[in-house]
Engineer: 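Structure incoming, see below.
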Amino acid sequence: MLFVLYYFGVINIIGLTIMGVDKKKARKGQYRISEATLWSVAFIGGAIGATVGMFYFRHKTKHLNFKVGLPILALIDLVILLQLV
């Protein structure tokens, strides 16, 4: 149980961080983190952090699949987390 909470905490920090890093790279015109990587982190439990990062950094908010998909995944993650606690 403790491992699951730790995992969710770490993977969501990673989700938040990669959204910020990708936004910074976008502003500098640098090589970007792929959308596949962003989605992969969200699918393995980091959707809450990625969603917070998306809105906090105002990144990918014009992409409908991110704007709608990440919050849906975040809700699913939250339901799973609440079932485990």
Side-chain angles (χ1 to χ4, degrees):
M1 176 65 93
L2 188 58
F3 172 77
V4 173
L5 294 174
Y6 178 75
Y7 174 81
F8 265 98
V10 170
I11 198 66
N12 279 289
I13 290 169
I14 292 169
L16 175 73
T17 302
I18 64 171
M19 289 301 267
V21 168
D22 193 46
K23 176 67 176 194
K24 189 174 184 179
K25 288 178 176 254
R27 285 186 173 168
K28 292 183 175 185
Q30 295 176 339
Y31 185 76
R32 307 272 303 280
I33 297 170
S34 72
E35 288 188 1
T37 300
L38 297 174
W39 279 113
S40 294
V41 170
F43 276 115
I44 62 171
I48 296 169
T51 301
V52 170
M54 177 180 65
F55 289 111
Y56 181 78
F57 297 112
R58 295 187 185 122
H59 188 51
K60 300 285 186 190
T61 55
K62 292 183 180 179
H63 297 259
L64 188 60
N65 58 341
F66 277 92
K67 194 173 185 178
V68 174
L70 280 181
I72 290 171
L73 278 177
L75 284 174
I76 293 168
D77 283 353
L78 188 59
V79 167
I80 291 169
L81 190 59
L82 290 174
Q83 294 294 322
L84 295 172
V85 174

Engineer: Would you say that more than 12 heavy atoms from the other residues, nucleotides or ligands in this model lie under 6.0 Å from the OH of Y56, or not?
Structural biologist: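 Result for OH/Y56: open.
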Engineer: As an exercise, state the distance from CG of L2 to CG of L5, rounded to the nearest 0.5 Å.
Structural biologist: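 Answer rounded to 0.5 Å: 6.5 Å.
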Engineer: Rounded to the nearest 0.5 Å, what separation is found between the NZ atom of K23 and the CE atom of M54?
Structural biologist: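 It comes to 12.0 Å.
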Engineer: Please report, to 0.1 Å, the donor-acceptor pairs under 3.5 Å made by any side chain of residues 70-82, with sequence neighbours excluded.
Structural biologist:
unit_1 : atom_1 : unit_2 : atom_2 : d
D77    : OD2    : A47    : N      : 3.3

Engineer: Only counting residues at least two apart or in another chain, list the ones meeting side chain to side chain contact (heavy atoms under 4.5 Å, CB included) with T37.
Structural biologist: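 T37 satisfies side chain to side chain contact (heavy atoms under 4.5 Å, CB included) with I33, S34 only.
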Engineer: Considering residues at least two apart in sequence or located in another chain, which fulfil the side chain to side chain contact (heavy atoms under 4.5 Å, CB included) criterion with I14?
Structural biologist: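 Here the qualifying residues are V10, I11, I18, V41.
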Engineer: Can I44 and Y7 be said to form a side-chain contact (heavy atoms from CB on, under 4.5 Å), step by step?
Structural biologist: CA-CA 10 Å; I44 62 171; Y7 174 81; 3.6 Å; yes
Engineer: Which atoms form the tightest heavy-atom contact between F55 and T61, and what is the distance?
Structural biologist: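 Of all heavy-atom pairs spanning F55 and T61, the closest is CD2-CG2, 4.2 Å.
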Engineer: R32: which residues meet the salt bridge (charged side-chain N to carboxylate O under 4.0 Å, His left out) condition with it, sequence neighbours left out?
Structural biologist: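 For R32, the residues satisfying salt bridge (charged side-chain N to carboxylate O under 4.0 Å, His left out) (neighbours in sequence not counted) are D22.
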Engineer: Mind checking what makes salt bridge (charged side-chain N to carboxylate O under 4.0 Å, His left out) contact with K60, not counting sequence neighbours?
Structural biologist: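 Counting only residues at least two positions away or on another chain, K60 forms a salt bridge (charged side-chain N to carboxylate O under 4.0 Å, His left out) with E35.
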Engineer: Tell me the closest heavy-atom pair linking A50 and M19, and the distance in Å.
Structural biologist: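 Minimum heavy-atom separation between A50 and M19: O-CG, 3.6 Å.
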Engineer: Going by ring-ring contact (aromatic ring centres under 6.0 Å, His included), name the residues that satisfy it together with F66, two or more places apart in sequence or in a different chain.
Structural biologist: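 Result, ring-ring contact (aromatic ring centres under 6.0 Å, His included) vs F66: W39.
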